[in-house]
Amino acid sequence: NAGVTQTPKFQVLKTGQSMTLQCAQDMNHEYMSWYRQDPGMGLRLIHYSVGAGITDQGEVPNGYNVSRSTTEDFPLRLLSAAPSQTSVYFCASSYTGQANEQFFGPGTRLTVL
Amino acid sequence: DQQVKQNSPSLSVQEGRISILNCDYTNSMFDYFLWYKKYPAEGPTFLISISSIKDKNEDGRFTVFLNKSAKHLSLHIVPSQPGDSAVYFCAASGMNRDDKIIFGKGTRLHILP
């Protein structure tokens, strides 16, 4: 099993550009989520999904869109990148939203100029 | 408003001694608590969890204690080893399927030789 994979590992964008961060898992997990990690801020939840076709907002959803058309994939879209979105992004998955351990991907380091 | 607080940004402990990492929470609806460990340039990995119906859970060198009345939990690592040097995140969630998992800001643990 590959676990949770994220692409790309690094990305540099200009302000206003759009892009999609990819996340896939091969563990048949229902729950998937996106976090951003900023210095001194810990991990903040952006969006999450409890199953295919179901998504919901986390703590910091503004500027991001998600969709969950399959169990395996949970892409995160930046519609118009801003410097405030410079961060490290982590995707995670688990069998349910609570109790069970989340498996994290290796992260995507995004810089917006 | 921080629902999960880790008030110590960093902690240094001598190798072989006990490391105690603390976490406080404000939301009395939280029912599950988890600890994650993160090395630089990697995604967090699950360490140990505890349900609100318990006050202690042990896994090898790692023990988590929960004090519901004080809304406080702690992670004990005994004995501390060099490989324990990492950032530790406390996380909490409710018991419903749709509940979000909220992370603290993390504590950086340094194990001194």
Atom CZ of A:Arg109: over 12 foreign heavy atoms under 6.0 Å = no
message = Tell me whether B:Phe62 shares a hydrophobic cluster with B:Phe65, the cluster being built from Ile, Leu, Val, Met, Phe, Trp, Tyr side chains joined at under 4.5 Å.
response = no
query = Are B:Ile20 and B:Val13 connected in the hydrophobic side-chain network, where two residues link if heavy atoms are under 4.5 Å apart?
reply = no
request  = May I ask whether A:Leu78 and A:Val60 are part of the same hydrophobic cluster, defined by side-chain heavy atoms of I, L, V, M, F, W, Y residues being less than 4.5 angstrom apart, directly or through others?
outcome  = yes
request  = Would you mind checking which part of A:Gln37 comes under 4.5 Å of any heavy atom in chain B, side chain (CB onward), backbone (N, CA, C, O), both or neither?
outcome  = side chain
request  = Say whether A:Val66 and A:Met32 are linked into one hydrophobic cluster, either directly or through other cluster members, by side-chain heavy-atom distances under 4.5 angstrom.
outcome  = yes
query = Any chance CE of B:Met29 has more than 12 other-residue heavy atoms, nucleotides or ligands included, within less than 6.0 Å?
reply = no
request  = Heavy-atom pairs under 4.5 Å with chain A are the metric here; pick the option from B:Gly104, B:Pro44, B:Ala92 that has the most.
outcome  = B:Pro44
request  = Identify which part of B:Phe33 has an atom lying under 4.5 Å from any heavy atom of chain A, answering side chain, backbone, both or neither.
outcome  = neither
request  = Supply the atom-to-atom distance A:Gln102 CD to B:Ser49 OG, rounded to the nearest 0.5 angstrom.
outcome  = 12.0 Å
request  = Enumerate by number any residue of residues 105-113 of chain B whose heavy atoms lie under 4.5 Å from heavy atoms of chain A; in the absence of such residues, state 'none'.
outcome  = B:Lys105
query = So, A:Tyr35 side chain and B:Phe103 main chain: donor-acceptor pair closer than 3.5 Å or not?
reply = no
note = Value for CZ (A:Phe90) from NZ (B:Lys38), rounded to nearest 0.5 Å, stands at 4.0 Å
ask   = About how many Å separate CD of A:Glu101 and OG1 of B:Thr45, when rounded to the nearest 0.5 Å?
value = 9.0 Å
message = Between A:Leu43 and chain B, with a heavy-atom cut-off of 4.5 Å, which part of the residue counts as in contact: side chain, backbone, both or neither?
response = both
query = Under 6.0 Å between the ring centres of A:Phe104 and B:Phe46?
reply = no
task = Supply the atom-to-atom distance A:Leu45 CG to B:Ile101 CD1, rounded to the nearest 0.5 angstrom.
result = 8.5 Å
request  = Determine whether B:Ile77 and B:Leu66 fall in the same hydrophobic cluster, where Ile, Leu, Val, Met, Phe, Trp and Tyr are linked whenever their side-chain heavy atoms lie under 4.5 Å apart.
outcome  = yes
query = Do other residues, nucleotides or ligands put more than 12 heavy atoms under 6.0 Å from the CZ atom of B:Arg61?
reply = yes
